[in-house]
Every structure is written in structure tokens, then in C-alpha cells.
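Source: prediction; values computed, not measured. If you read the sequence from its start, that first residue is 1, and numbering goes on from there.
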Amino acid sequence: MITQNPFVSYSVAMVTPFDQREKLSQTGIYSLIDYYKQNHVPALLISGSTGEQHSMTIEERQMLYREVKSAGKDDFLLIGGVAAVRTTEAIRLAEAAQKEGLDGIMLGFPPYLRISQKEAAAYVEQVCTVTDLPILLYNNPSRTGFNLELNTLYRIVEKLPQIKGLKEAGNPDNALILQKELGSSFSVLTGTDLYLLDHLRNGYNGITSIIGNIFPQEIQQIVQLIKSQKWELAEKQFSKLLPTIHTILEIGALRAIKYLLSESNIEAGICREPLSTLNKQEQKTLMEVWQKGEA
């Protein structure tokens, strides 16, 4: 029986560590988990877009669930990213998330296919047949070519009570609509750090943060300030991070974040090709703004 909604107001979208041969790194997983623990991150989204999920085989993603759970034990809420081109593969991932004892699933829609609303609903329903874990749907039209319509979402939620939230990377105006229609117990999360303040001001409940990989305590503090209605202080704190955030996004978030983590002796590894490592000029630019931000 589903007893709680694990999609809290702050989680970090964990990067996936790959070694120099582009193999999943077990030592890197433990290094990252130790880092997140030290910084009191309450929840992790594993094998999401930030985790390079679509560069991994189903078996690698199953292994990642298992290793992160083993390393993290019960110190985090763990949300498994599930998305695949084929429904059968999404089902295998959902079964693995349940088997490994994760706390919830973020279910993304198949990329590239441009499925219909009816097909999207069927995809969600079939995944729900193999797990009773709480599910956060992920609507990300710019990456998948598919946009989940609100009426489709309402029908899915009415039929499947384990759907506890939506990560909305489409129309941000939907957040307020969903709050009014589905109530405060239904989570509406953003994944866009750059617009964190705007999104939380306009109906979003929280964030699965990418930038939280390098500012884990700072982003959490900003979210807590906003929840306490301390907007002026939150804006002041956020403004300090903006130069680094802009530089990271300009260079490429995954590439830049893994580089900064590695420079801090955290075994984040490399990105899988075709993503590249930073060149010397990118390294110099990034470190200059990073060190100013730390000063």
C-alpha cells in the first residue's frame, strides 16, 4: 500500500560516474554517495536525464539502482529514473526499482517516437501493473517530442492513485492549474535551476536539482527559505550562484559538473561520448568563476 509521497521539495539529480573506458564505476558511485551524505541531501533521482540514462543499457541501469541502494542504504529517498523507447524495457526498469527497494519512480515518456495521448496513457498503465511504488510522471517535450496534455494527466491520476506528481518541463503555467485541480498533495516539480525562484513562485512545489550536484547545501537552503516565505533572502542567496550557473549551462551542464566534482576529489568520472571532456579554455573559464563564487 502506498503510504507517502516521496517526491519532496528538494532532491538532487545524481550524475552517473563512468570510468575512462566509459564503464559504470562502482567506486565512483560510493564516492558520490558519500559526498551527498556529507552534504545532507535528502533525496536522489538516479538514472534521469542528468544521469545519462539513455546512454546506458537496461542492465546497467538495473545495476545502478542496486549499487546506489547498497551505498546509500536508508540515508536518502531514492527515486529511480524510468524511461525507454519500448514499454517492455520500461517495465523491466520499474520491476528493478521495486526489487531493489527504491522509494519511487520518475517515469519519463519514450523519446523520439512522438506517441499519442492514448499511447502515453497505455504506457503509464502498463508500467503501473508491475509496481506499487509512487510514481512521478516526467513531461519533457523538448527532449521527447511529446507533450502530456492536462486532460490526459487527469484521467491517468483518477485511474492510477499511485501517480503522486508531475515533473513539468513543458508549460510552466500548468503548475498553478495542477495545484488547483489536484490539490497540494500532488507534487509539481521543476528540474530547471535557472528558473528556480520563478517556478516556486508560480505553483511548483520543489525541484530535482542539477546544480545541486555542486551546490547541494546552497540550493537546499534556498528552497527552505522560499518555503518559509523569506523571498528576499532567497533571492540574495540565489544571485550569488548565478554566475556559476550561467557558466555551467553555457559550457554544458553534465560536462562542467563532472569536471568540478572531479576537481573536488569526488569520483564523478567522465561523460559518455559523444559528450566530450572540457578543453583547456573551458576548464580555465569554469574554474575562474567557480573560485570567485567560493570566495
Answer whether the closest heavy-atom distance between the side chains of [X] and [Y] falls below 4.5 Å.
X: Tyr35; Y: Pro216; answer: yes
X: Glu158; Y: Tyr154; answer: no
X: Asn174; Y: Leu166; answer: no
X: Pro134; Y: Ile105; answer: no
X: Ser9; Y: Asn205; answer: no
X: Phe146; Y: Glu119; answer: no
X: Pro110; Y: Ile115; answer: yes
X: Tyr65; Y: Ile46; answer: yes

In Å and rounded to the nearest 0.5 Å, what is the [atom1] to [atom2] distance from [X] to [Y]?
X: Asn147; Y: Arg114; atom1: CG; atom2: CZ; value: 12.0 Å
X: Thr129; Y: Glu95; atom1: OG1; atom2: CD; value: 8.0 Å
X: Leu260; Y: Leu278; atom1: CG; atom2: CG; value: 8.0 Å
X: Asp173; Y: Asn202; atom1: CG; atom2: CG; value: 7.5 Å
X: Ile251; Y: His246; atom1: CD1; atom2: NE2; value: 13.5 Å
X: Leu44; Y: Lys69; atom1: CG; atom2: NZ; value: 11.5 Å

Single-linkage hydrophobic cluster, 4.5 Å side-chain cutoff, [X] and [Y] together:
X: Leu225; Y: Ile211; result: no
X: Ile219; Y: Phe7; result: no
X: Ile163; Y: Leu77; result: no
X: Leu200; Y: Leu233; result: no
X: Leu107; Y: Leu178; result: yes

Look at the side chain of [X] and the backbone N and O of [Y], then say whether any donor-acceptor pair between them is shorter than 3.5 Å.
X: Glu89; Y: Ala84; answer: no
X: Gln162; Y: Leu133; answer: yes
X: Gln98; Y: Thr131; answer: no
X: Gln117; Y: Glu149; answer: yes
X: Glu22; Y: Glu273; answer: yes
X: Arg66; Y: Glu100; answer: no
X: Asn139; Y: Glu168; answer: no
X: Asn5; Y: Ser185; answer: yes
X: Ser31; Y: Thr27; answer: no
X: Thr190; Y: Thr192; answer: yes

I need the single residue from Ile207, Asp193, Leu196 that forms a side-chain contact (heavy atoms from CB on, under 4.5 Å) with Ile222. Which is it?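 It is Leu196; the other options fail the test.
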Would you find more than 12 non-hydrogen atoms of other residues, nucleotides or ligands less than 6.0 Å from [X] atom [atom1]?
X: Asp74; atom1: CG; value: no
X: Tyr112; atom1: OH; value: no
X: Arg143; atom1: CZ; value: no
X: Arg201; atom1: CZ; value: yes
X: Lys99; atom1: NZ; value: no

[X] and [Y]: side chain donor to acceptor below 3.5 Å:
X: Thr285; Y: Gln281; result: yes
X: Ser49; Y: Asn140; result: no
X: Ser276; Y: Arg255; result: yes
X: Gln283; Y: Asn279; result: no
X: Asp19; Y: Ser25; result: no

Of all heavy-atom pairs between [X] and [Y], which one has the smallest distance, and what is that distance?
X: Ala94; Y: Val130; value: CB-CG2, 4.0 Å
X: Gln179; Y: Val188; value: NE2-CG2, 3.9 Å
X: Gly108; Y: Tyr123; value: O-OH, 2.7 Å
X: Thr16; Y: Gly51; value: OG1-O, 2.7 Å
X: Gly165; Y: Leu136; value: C-CD1, 3.3 Å
X: Met56; Y: Leu64; value: CE-CD2, 4.0 Å

Show the numbers, then the answer: is there a salt bridge (Lys or Arg N to Asp or Glu O under 4.0 Å) between Lys23 and Glu60? CA-CA 9 Å; Lys23 300 292 185 182; Glu60 285 176 322; over 6 Å; no
Yes or no on side chain to side chain donor-acceptor pair (under 3.5 Å) for Tyr36 and Asn213, after CA distance, side-chain angles and deciding distance? CA-CA 8 Å; Tyr36 296 130; Asn213 279 288; 2.6 Å; yes
Salt bridge (Lys or Arg N to Asp or Glu O under 4.0 Å), paired with Lys258, selected from Glu267, Glu263, Glu52: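 The salt bridge (Lys or Arg N to Asp or Glu O under 4.0 Å) with Lys258 is passed solely by Glu52 among Glu267, Glu263, Glu52.
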Do we get Lys167 above Tyr138's six-membered ring, with its NZ or CZ under 6.0 Å from the centre and within 45° of the axis?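 Here Lys167 passes the 6.0 Å and 45° test against Tyr138.
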Do we get Arg272 above Phe18's six-membered ring, with its NZ or CZ under 6.0 Å from the centre and within 45° of the axis?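 Pair Arg272/Phe18 counts as cation-pi.
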Passes side-chain contact (heavy atoms from CB on, under 4.5 Å), Val41 versus Gln220? Steps please. CA-CA 8 Å; Val41 172; Gln220 183 172 14; 5.7 Å; no
I would like to know whether Lys284 and Glu288 meet salt bridge (Lys or Arg N to Asp or Glu O under 4.0 Å); could you show each step before the answer? CA-CA 6 Å; Lys284 181 175 182 291; Glu288 284 176 354; 2.7 Å; yes
If you take the centroid of each ring, where Trp contributes its six-membered ring, are Trp290 and Phe215 closer together than 6.0 Å?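 Centroid separation for Phe215 and Trp290: below 6.0 Å.
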Using a strict threshold of under 4.0 Å (side-chain N to carboxylate O), is an ion pair present between Glu218 and Lys240?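 Between Glu218 and Lys240 there is no salt bridge, as every charged N stays at least 4.0 Å from the carboxylate O atoms.
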May I ask you to decide if the ring planes of His199 and Tyr204 are parallel, tilted or perpendicular, using 30° and 60° as cut-offs?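 Answer is parallel, since the angle falls under 30°.
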Start with the C-alpha distance between Glu125 and Arg155, add both sets of side-chain angles, then the distance that settles salt bridge (Lys or Arg N to Asp or Glu O under 4.0 Å), and finish with yes or no. CA-CA 11 Å; Glu125 288 180 33; Arg155 289 195 295 272; over 6 Å; no
